[in-house]
Amino acid sequence: MHREKVPACVHPETYKYFLDRDAVVPTWQQLAARWGEPRHNPGFRTMEIAAPRFTLRATVLGNPITVLRKRECTADDLAELHALLGYRE
C-alpha cells in the first residue's frame, strides 16, 4: 500500500491511498463496519462514506481511496484510519 498527495484538491492534506488488490474488499468492509455503508452514485460510478472527520471516496472498483479531510479531523482520527487501512508512513 502507498499513498499519493492530490495537489489539485481544495484541502491541502488530501491523499489517494492505493490498496493491494487482495485488500480492497476486506478494507471496504472494515470501513463500512466503522463508519457506515458506502453510498453509491451510479451516474458517476463512485462510492463514498461520509465519516464525521473525513470523506472516503473511490470508483466502484474501490481502489484507490481518496481521503478528503474535514476541518475537525485530528491526528488521532488519521491514525485510526491509517491503522484500519494498514498504512504506515
Side-chain angles (χ1 to χ4, degrees):
M1 141 148 331
H2 73 280
R3 74 177 184 173
E4 295 177 6
K5 194 167 194 155
V6 180
C9 190
V10 158
H11 193 291
E13 293 297 318
T14 298
Y15 288 89
K16 287 187 180 196
Y17 292 79
F18 293 81
L19 305 171
D20 295 332
R21 179 175 281 173
D22 59 338
V24 173
V25 171
T27 298
W28 276 98
Q29 289 171 338
Q30 291 176 336
L31 293 170
R34 173 64 179 94
W35 289 293
E37 290 295 321
R39 291 178 297 155
H40 293 267
N41 183 330
F44 288 103
R45 296 182 44 86
T46 59
M47 57 188 188
E48 175 179 296
I49 294 175
R53 308 291 186 175
F54 36 75
T55 299
L56 309 168
R57 187 178 296 154
T59 67
V60 293
L61 299 176
N63 199 18
I65 300 172
T66 301
V67 177
L68 303 143
R69 292 175 62 178
K70 297 180 182 176
R71 291 178 202 250
E72 301 84 10
C73 188
T74 66
D76 289 341
D77 297 323
L78 203 52
E80 179 185 7
L81 176 65
H82 283 174
L84 199 146
L85 293 174
Y87 176 76
R88 299 188 201 300
E89 292 194 60

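Below, each value reflects all heavy atoms present in this structure, side chains not excepted, and no hydrogens, waters or symmetry copies.
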In terms of heavy-atom contacts, M47 and P38 come closest through CB-CB, 4.1 Å
L19 to V24 - nearest heavy-atom pair and separation: CD1-CA, 3.9 Å
To check you understand the geometry: which heavy-atom pair defines the closest contact between H40 and P42, and what is its length? O-CD, 3.5 Å
When rounded to the nearest 0.5 Å, the distance separating OH of Y15 from CG of L68 is 13.0 Å
Separation between OG1 of T14 and CD of E4, rounded to the nearest 0.5 Å: 13.5 Å
In terms of hydrophobic clustering (I, L, V, M, F, W, Y; side-chain heavy atoms under 4.5 Å; direct or indirect links), are L84 and Y87 co-clustered? yes
Give me the atom names and distance for the closest heavy-atom approach of P52 to E72. O-OE1, 4.1 Å
About how many Å separate CG of L81 and OH of Y17, when rounded to the nearest 0.5 Å? 6.0 Å
Can you list the steps and then say if T55 with E48 is a side chain to side chain contact (heavy atoms under 4.5 Å, CB included)? CA-CA 7 Å; T55 299; E48 175 179 296; 3.5 Å; yes
What are the two closest non-hydrogen atoms of P26 and A23, and how far apart are they? CD-O, 3.4 Å
Working to the nearest 0.5 angstrom, can you tell me the gap between E89 CD and R3 CZ? 4.5 Å
Look at the rings of W35 and F54 and say which category their plane angle falls in: under 30° parallel, 30 to 60° tilted, over 60° perpendicular. perpendicular
Check for me, please, whether M1 and L31 land in the same ILVMFWY cluster - side-chain distances under 4.5 Å, paths through other members count. yes
Which distance, rounded to the nearest 0.5 Å, do you find between the CZ of R53 and the CG of L78? 12.5 Å
Would V60 and R45 count as a side chain to side chain contact (heavy atoms under 4.5 Å, CB included) if you check the C-alpha gap in whole Å, the side-chain angles of each, and the deciding distance to 0.1 Å? CA-CA 6 Å; V60 293; R45 296 182 44 86; 3.6 Å; yes
Tested for side-chain contact (heavy atoms from CB on, under 4.5 Å) against K16, the lone hit among N63, T66, V67, I65 is T66
Rounded distance (nearest 0.5 Å) linking atom CG of D77 with atom NE2 of H82: 11.0 Å
